[in-house]
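Remarks on the structure that follows.
Throughout, protein chains are lettered first and strands after them, A, B, ... in sequence-line order, and every chain is numbered starting at 1. Please read these numbers as outputs of a predicted model, since none were measured by experiment.
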Amino acid sequence: MRGVVIGAHLERDDLEAPAFAIPIGDLFLSAFPIAPDQPLGDRDLLIRVAAVRAQLLDRATFIAIRYGFAVTSPEEAHAKVASQIERWKRLLEEHRGRVEMTLKVPASLPSAHPNRADFSTGASYLKALHTAVRAAGADPEFRLLVEKELIPLAHQHRWIPRDEKSLELALLIDRRNVAGMLAAGEKLRGSGAAFLLSGPWPLEVFADDHE
Amino acid sequence: MPDELTDQELPLLETLDHLLDRGVVIAGEAVISIGDVDLLYLGLNIVLANVDAIMRTARKP
């Protein structure tokens, strides 16, 4: 048995083939079966896993596990996620009927990418890199429009700088509001600003401690 | 190479972006590969840590 883990789910019935379930305490991990020697970077595998991920989201909301976590036994899986189970269960119960949407926008004033040669230490370079990313901001007028049209439809939202040239708005919404969110996104087109509104997605940003 | 992505390419790229760059990270579990060759192993619990947190940790005696 080897599987690339897709997500954490509240109920076993939230999973369906070709994904299989790995019980972890009160929860279940979904995994896509792969051969013992299957490289995870295989293009076809990535696309198949992405398709199964979407299929599972149609059934029920789950916590997305970032691609790259593969296990060979239930014991191994449990050991690696044991510290998260209680928190995941709470999140899954709280956000059972919710999904994420993502709005990607270019930064209005992209900051310059720091040049490693300008820094004497790796730490100071990392700090400058971090500062440059955090400095990225959306056009104020577009941001006001987003706050008027999209954010009222969301339970939670979070602006996330992605790099020196772009940032992202993650929105946590009720499943029944996906069409409404997409319709609201159409209203942004009149602004002439570039953006990409996508979703629904499983719990990604709102389940990740690192965001 | 075309200047713009087609309507078909964009959803696929967006989907792969979410698959590869979103969600909960399980510590030290990413191997970046091309074809059959594993090029890079990432200890993601370190790589994805907030830089400010790294700096604070580095200053501790």
Notebook entry, point to check: Taking atom CD of A:Glu86 as the centre, does the number of heavy atoms from other residues, nucleotides or ligands within less than 6.0 Å exceed 12?
Noted result: no
Applying side-chain contact (heavy atoms from CB on, under 4.5 Å) to A:Leu10 and not counting sequence neighbours gives A:Asp14, A:Leu27, A:Lys89, A:Leu92, A:Glu93, A:Arg96
On a heavy-atom basis, the closest approach of A:Leu46 and B:Leu19 is O-CD2, 3.5 Å
| message | Atom CZ of residue position A:Arg48 - does it have more than 12 heavy atoms of other residues, nucleotides or ligands inside 6.0 Å? | response | no
Turns out that what part of A:Ile63 lies under 4.5 Å from chain B's heavy atoms comes down to side chain
Any salt bridge linking A:Lys104 with B:Glu14? Criterion: basic side-chain nitrogen under 4.0 Å from a carboxylate oxygen. yes
Between A:Trp201 and B:Thr15, is the side chain to side chain contact (heavy atoms under 4.5 Å, CB included) condition met? List the steps. CA-CA 9 Å; A:Trp201 306 110; B:Thr15 298; 3.9 Å; yes
Turns out that what part of B:Leu16 lies under 4.5 Å from chain A's heavy atoms comes down to side chain
Output for pair (B:Asp17 CG, A:Glu168 CD), nearest 0.5 Å, gives 7.0 Å
Chi angles and distances behind the side chain to side chain contact (heavy atoms under 4.5 Å, CB included) call for B:Ile26, A:Val81:
CA-CA 7 Å; B:Ile26 306 300; A:Val81 304; 3.8 Å; yes
Residue pairs meeting ring-ring contact (aromatic ring centres under 6.0 Å, His included), one or both in residues 31-65 of chain A, sequence neighbours left out, come to A:His9-A:Phe62
| said: With a 3.5 Å distance limit and no angle check, can you tell me whether A:Arg66 reaches the backbone of B:Gly23 through a side-chain donor-acceptor pair? | reply: yes
Yes or no on side chain to side chain contact (heavy atoms under 4.5 Å, CB included) for A:Phe69 and B:Val24, after CA distance, side-chain angles and deciding distance? CA-CA 10 Å; A:Phe69 178 40; B:Val24 176; over 6 Å; no
With chain B, the option among A:Ala8, A:Pro202, A:Ala170, A:Ser198 that has the most non-hydrogen atom pairs under 4.5 Å is A:Ser198
If one checks every heavy atom of A:Leu196 against chain B at 4.5 Å, the contacting part turns out to be side chain
